[in-house]
There are 2 protein chains.
Amino acid sequence: MNSSILTIGHLARQTGTKVETIRFYEKNGLLPEPSRTEGNYRAYEPDHLNRLSFIRRARDLGFSLDQIRALLTLSDNRGQSCAAVDAIASEHRAEVEKKITDLMALKAELDRMIDQCECGIVDDCRIIETLSPK
Amino acid sequence: MNSSILTIGHLARQTGTKVETIRFYEKNGLLPEPSRTEGNYRAYEPDHLNRLSFIRRARDLGFSLDQIRALLTLSDNRGQSCAAVDAIASEHRAEVEKKITDLMALKAELDRMIDQCECGIVDDCRIIETLSPK
DNA sequence: TTATGACCCTATAGCGTATACAGGGTCATG
DNA sequence: CATGACCCTGTATACGCTATAGGGTCATAA
């Protein structure tokens with residue numbers, strides 16, 4: 001057997017991914033189906049490892065699987081303009097910015113609510129009161 | 001028929017909730033099962049409306065359904081200490097704070113990545129390069 | 001009176017991103 | 001040749017809904 005051939009477990013350990021997640025990526029078209037050994041084990045090649053590393057990095061940066069699929073396709077066509085790549089990344093950044101803004105507004109509301117609580121009995125609780133209809 | 005009896009559609013309109021969501025809350029033990037009319041329609045009383053409003057407010061503040069279930073139970077025992085209420089709210093606030101911190105770190109990384117992009121061809125793209133394994 | 005259309009019912013499947021488990025097969029090591 | 005680590009497929013679960021199919025009920029208008 002070729003020494004550069006990897007089992008799914010190797011791929012998992014080398015990328016910090018669970019085995020089930022790798023199979024999930026395959027089923028969802030992010031990772032190409034590898035060839036199989038005689039015993040029907042998946043036999044990965046270095047390219048698979050690179051691709052999975054790419055996916056994991058992009059996931060760590062919060063890209064969706066759809067976005068990653070698009071990024072992978074783009075990175076496979078290395079002569080094309082990278083404007084499309086920039087568009088995906090910028091769109092994602094805008095989503096992240098929006099989430100931050102929303103969560104900061106939320107936190108401000110929670111702060112207001114919690115700071116009012118004097119921790120007596122529920123009947124006087126400002127938190128419950130804030131949540132209850134007028 | 002009692003004029004204070006409400007159909008599921010009334011409840012939906014008055015709380016800005018979809019009908020399916022109300023049935024979902026019932027199935028998941030957040031909203032008690034109402035009695036039924038002869039035609040098997042759900043017949044809600046004002047208490048249901050109050051409870052649903054509470055749930056929606058709490059959802060708007062990002063509480064999980066589990067947390068809301070707990071908050072509802074606490075608010076039904078109005079003589080008890082509200083320390084438990086405070087604990088749930090504080091725990092949630094801490095989660096929100098962590099999310100904000102994480103997202104801000106993420107945004108900083110995205111900023112770095114995107115700012116490097118000179119939008120030439122993919123082969124030179126710093127975004128793809130950042131994502132690719134060394 | 002009947003026909004229309006708005007509303008309601010149940011049951012089931014789907015979204016996204018995995019994770020877990022059951023029930024089995026394969027492989028290297030002692 | 002037995003053990004245990006690893007692999008396989010298929011299915012179920014998590015969260016918080018949303019959507020759809022296929023039907024029943026009810027109020028209003030002609």
Side-chain angles (χ1 to χ4, degrees), chain A residues 1-3 5-31 33-44 48 52 54-72 91-92 95-96 99 102 106, chain B residues 1-3 5-31 33-44 48 52 54-72 91-92 95-96 99 102 106:
Chain A
M1 249 199 226
N2 190 324
S3 68
I5 291 304
L6 300 157
T7 66
I8 198 168
H10 286 116
L11 233 63
R13 277 187 293 277
Q14 290 192 35
T15 60
T17 312
K18 304 228 158 157
V19 165
E20 295 90 340
T21 303
I22 297 176
R23 289 196 281 245
F24 168 80
Y25 288 157
E26 178 182 318
K27 201 170 49 158
N28 287 273
L30 284 143
L31 213 47
E33 290 185 30
S35 54
R36 299 287 180 124
T37 65
E38 281 182 26
N40 199 32
Y41 283 18
R42 285 171 180 80
Y44 292 102
H48 287 102
L52 180 55
F54 186 104
I55 295 168
R56 296 306 287 179
R57 257 170 240 259
R59 286 296 297 140
D60 284 347
L61 288 170
F63 286 97
S64 70
L65 298 188
D66 271 355
Q67 288 171 325
I68 295 172
R69 240 185 304 268
L71 288 172
L72 283 166
E91 180 202 31
H92 176 49
E95 288 161 6
V96 170
K99 268 192 204 157
D102 290 353
L106 186 56
Chain B
M1 249 200 225
N2 191 325
S3 68
I5 291 303
L6 300 157
T7 66
I8 198 168
H10 286 116
L11 232 64
R13 279 187 292 278
Q14 290 191 36
T15 60
T17 311
K18 303 228 160 156
V19 165
E20 295 90 343
T21 305
I22 297 176
R23 291 197 278 246
F24 167 81
Y25 288 157
E26 179 183 317
K27 201 170 48 155
N28 287 273
L30 284 145
L31 213 47
E33 290 184 30
S35 54
R36 299 287 181 125
T37 65
E38 281 182 26
N40 198 33
Y41 283 19
R42 286 172 179 80
Y44 291 103
H48 287 101
L52 180 55
F54 185 105
I55 295 168
R56 296 306 287 181
R57 258 171 239 257
R59 284 298 295 140
D60 284 347
L61 289 170
F63 287 96
S64 71
L65 297 188
D66 270 356
Q67 288 171 326
I68 295 172
R69 241 185 303 268
L71 288 172
L72 283 165
E91 179 202 32
H92 176 49
E95 288 160 7
V96 170
K99 267 189 204 160
D102 290 353
L106 187 55

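Nothing here was measured: the structure is a model prediction, and the numbers come from that model. Throughout, protein chains are lettered first and strands after them, A, B, ... in sequence-line order, and every chain is numbered starting at 1.
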5' precedence on DNA chain D between B/F63 and A/T7 (nearest-nucleotide basis):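 Result: A/T7.
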
Most 5' of A/N40 and A/N28 on DNA chain C, judged by nearest nucleotide: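 Result: A/N28.
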
5' priority, DNA chain C, between B/K27 and B/V19 [closest heavy atom]: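 Here B/V19 is the residue nearer the 5' end.
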
Whole-Å distance between [N] [atom2] and [X] [atom1]?
X: B/I8; N: D/dG24; atom1: CD1; atom2: C1'; result: 15 Å
X: B/D60; N: D/dG16; atom1: CG; atom2: P; result: 14 Å
X: B/H10; N: D/dC26; atom1: NE2; atom2: P; result: 14 Å
X: B/L11; N: C/dC7; atom1: CG; atom2: P; result: 15 Å
X: B/E33; N: C/dC9; atom1: CD; atom2: C1'; result: 14 Å
X: B/I5; N: D/dC26; atom1: CD1; atom2: P; result: 15 Å
X: B/L6; N: D/dC26; atom1: CG; atom2: P; result: 17 Å

Would you indicate, yes or no, if [N] has its OP1 or OP2 atom less than 4.0 angstrom from a side-chain nitrogen or oxygen of [X]?
X: B/T21; N: D/dC17; answer: no
X: B/R36; N: C/dT10; answer: yes
X: B/R23; N: C/dT10; answer: no
X: A/K18; N: C/dA20; answer: yes
X: A/T37; N: C/dT26; answer: no
X: A/Y25; N: C/dT17; answer: no

Donor-acceptor pair (no angle test) under 3.5 Å: B/Y41 side chain, D/dG24 base: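 Side chain to base: pair present.
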
Verdict with supporting geometry, A/I55 and A/T15, side chain to side chain contact (heavy atoms under 4.5 Å, CB included): CA-CA 10 Å; A/I55 295 168; A/T15 60; over 6 Å; no

Pairing of A/R69 and A/D66 as salt bridge, 4.0 angstrom limit: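 Salt bridge: yes.
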
Partners meeting side-chain hydrogen bond (donor to acceptor under 3.5 Å, both in side chains) with B/Y25 (sequence neighbours left out):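 Partners of B/Y25 by the side-chain hydrogen bond (donor to acceptor under 3.5 Å, both in side chains) criterion, ordered by chain and then number, come out as B/R56.
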
Can you tell me which nucleotide in [options] comes closest to the side chain of [X]?
X: B/R56; options: C/dC9, D/dC6, D/dC17; value: D/dC17
X: B/F24; options: D/dC7, D/dT18, D/dC15; value: D/dT18
X: A/E20; options: C/dC21, D/dT9, D/dG16; value: C/dC21
X: B/R42; options: D/dC15, C/dC9, C/dT19; value: C/dC9

Interatomic spacing from CZ in B/F54 to CG in B/L31 - rounded to 0.5 Å: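 Result: 12.5 Å between the selected atoms.
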
Non-hydrogen side-chain atoms of A/Y44 and A/L52 separated by less than 4.5 Å: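 The answer is no; the side chains never approach within 4.5 Å.
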
Side-chain touch A/R23/A/R42, heavy atoms, less than 4.5 angstrom: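 In short, these two side chains touch, coming nearer than 4.5 Å.
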
